[in-house]
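Working notes for the structure below.
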2 protein chains.
Amino acid sequence: MSNVKVPPLLEPGPSGVVVSCCPPLTERPLTAEEAERTAAMFKALGDPVRLRLFSAVASHESGEACVCDISDVGVSQSTVSHHLKRLKVAGLLTSERRGTWVYYRIEPSVLAAMGKLLATTSTA
Amino acid sequence: MSNVKVPPLLEPGPSGVVVSCCPPLTERPLTAEEAERTAAMFKALGDPVRLRLFSAVASHESGEACVCDISDVGVSQSTVSHHLKRLKVAGLLTSERRGTWVYYRIEPSVLAAMGKLLATTSTA
DNA sequence: CACCTATGTTGACACATGTCAAACCAGCGT
DNA sequence: ACGCTGGTTTGACATGTGTCAACATAGGTG
């Protein structure tokens, strides 16, 4: 699997803040590299199970959720773990182990960055 | 070509306006069906080539573009056509033939709907 | 320590997907 | 009619992806 290391869609900044990589889709045609990064982000959310997991974490109080709280999405536990890892690798989630349980929380600026991508530059 | 299998992420409304199908991801965990619809939309944009094509159309003047204007994305023309069809089936683009050329335009409310999905309802 | 629960990892497998070449269709010229 | 250009469809193929069962690891509790 060491073929193509997908560059992170959002680059971690100095203060733990992430920076959006790309301009709004409506501003100008994305370059190949921009599209590669941005598509990775969309692709991460392009699976129903992952989207439910992401939504479950994002909507949880305090912005974080234990795996045990969100793993009821109709697939096996190992599959849940697999998808959570994909979301983590994609930079959309972070995880932290506290005692017995592992907590996932969303990378807050991700939503803003994606929102910016979809923002209509026009005055719509 | 009327065998639409994937349920449209956005439902066409009375006045040609489309209606968003799902609440913001941060509002509450998506249901299985909601996730299915929404993921289809993200998946459509989850490929670099498709994303470039979509961006190329979205950023084109007058919101539409001839295939010949956007097909320079590094893959064969048939592949471009294939991706454009996928975007069309996903409800993100529409196409119209005018004489020799085929023009694609974006479904305008798609961007707004996806933006809503990513909107942070909290005062964060 | 042994045991149990909560997650993650690995291996295997079926299915979806991206790609191209080649055949095909649709207009526009001459 | 013919050919030519723009686009789509089809067939084939390699790769990617989602899934589970089985195994592994981490951290509690007895």
Side-chain angles (χ1 to χ4, degrees), chain A residues 1-6 32 35-36 38-54 56-57 60 64-90 92-105, chain B residues 1-3 5-7 32 35-36 38-54 56-57 60 64-90 92-105:
Chain A
M1 308 204 184
S2 55
N3 48 4
V4 180
K5 178 185 190 103
V6 179
E36 202 80 39
T38 309
M41 186 159 44
F42 282 117
K43 184 188 275 188
L45 295 179
D47 177 85
V49 173
R50 279 199 295 275
L51 195 56
R52 289 183 75 185
L53 292 171
F54 183 82
V57 174
H60 220 255
E64 75 174 9
C66 168
V67 176
C68 57
D69 286 331
I70 61 177
S71 54
D72 188 18
V73 286
V75 295
S76 74
Q77 209 286 317
S78 66
T79 301
V80 168
S81 188
H82 175 233
H83 283 305
L84 285 173
K85 182 177 185 177
R86 279 184 79 76
L87 287 168
K88 194 165 126 185
V89 168
L92 303 183
L93 293 180
T94 61
S95 70
E96 180 195 357
R97 166 162 232 133
R98 287 206 296 275
T100 303
W101 294 282
V102 176
Y103 293 85
Y104 280 80
R105 60 170 50 241
Chain B
M1 303 303 166
S2 57
N3 55 346
K5 41 181 185 176
V6 180
E36 202 80 37
T38 309
M41 186 159 44
F42 283 117
K43 184 189 273 187
L45 295 179
D47 177 86
V49 173
R50 277 199 296 274
L51 195 56
R52 289 183 75 186
L53 292 171
F54 183 81
V57 174
H60 218 255
E64 75 174 9
C66 168
V67 175
C68 58
D69 287 331
I70 61 176
S71 54
D72 187 19
V73 287
V75 294
S76 75
Q77 213 287 318
S78 67
T79 301
V80 168
S81 188
H82 175 233
H83 283 305
L84 286 173
K85 183 175 185 178
R86 280 184 78 76
L87 287 168
K88 194 165 125 185
V89 169
L92 303 182
L93 294 179
T94 61
S95 70
E96 179 194 1
R97 165 161 232 133
R98 288 207 294 275
T100 303
W101 294 283
V102 176
Y103 293 86
Y104 280 80
R105 58 171 51 240

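All chains are named by letter (A, B, ...) in the order of the sequence lines, taking the proteins before the strands, and each is independently numbered beginning at 1. Note that the structure is predicted; figures quoted are calculated from it, not measured.
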- Query: Got a sec, which residues hit side-chain hydrogen bond (donor to acceptor under 3.5 Å, both in side chains) with B:Thr100, two or more places apart in sequence or on another chain?
  - Reply: none
- Task: Mind checking side-chain hydrogen bond (donor to acceptor under 3.5 Å, both in side chains) for A:Arg52 and listing every partner two or more places apart, or none if nothing turns up?
- Result: none
- Check side-chain hydrogen bond (donor to acceptor under 3.5 Å, both in side chains) between B:Ser81 and all other residues, then give those that pass, not counting sequence neighbours. none
Under 3.5 Å, which N/O atoms of the protein pair with N/O atoms of nucleotides 21-25 of chain C?
| unit_1 | atom_1 | unit_2 | atom_2 | d |
| --- | --- | --- | --- | --- |
| C:dA21 | N6 | B:Ser78 | OG | 3.2 |

- Task: Check the distance between C:dG8's C1' and A:Gln77's CD and give it to me in whole angstrom.
- Result: 8 Å
- Partners passing side-chain contact (heavy atoms from CB on, under 4.5 Å) against A:Thr79 (at least two apart in sequence or in another chain): A:Val75, A:Ser76, A:His83
- Side-chain contact check for A:His83: nearest option of D:dG28, D:dT19, D:dG6 is D:dT19
- Message: As a check on the pairing definition, encode DNA chain D in dot-bracket form, counting Watson-Crick and G-U wobble pairs whose two distances are under 3.5 Å, and using | for partners outside this strand.
- Response: ||||||||||||||||||||||||||||||
- State, with a plain yes or no, whether a side-chain heavy atom of A:Leu93 is found less than 4.5 Å away from one of A:Leu53. no
- Message: Applying salt bridge (charged side-chain N to carboxylate O under 4.0 Å, His left out) as the test, list every pair that has at least one member in residues 64-82 of chain A; sequence neighbours left out.
- Response: A:Glu64-A:Arg98, A:Glu64-A:Arg105
Distances under 3.5 Å between nitrogen or oxygen atoms of protein and nucleotides 11-17 of chain C:
| unit_1 | atom_1 | unit_2 | atom_2 | d |
| --- | --- | --- | --- | --- |
| C:dT17 | OP1 | B:Lys43 | NZ | 3.3 |

- Residues in side-chain hydrogen bond (donor to acceptor under 3.5 Å, both in side chains) with B:Arg97, at least two apart? none
- By side-chain contact (heavy atoms from CB on, under 4.5 Å), A:Lys85 pairs with (sequence neighbours left out) A:Val89
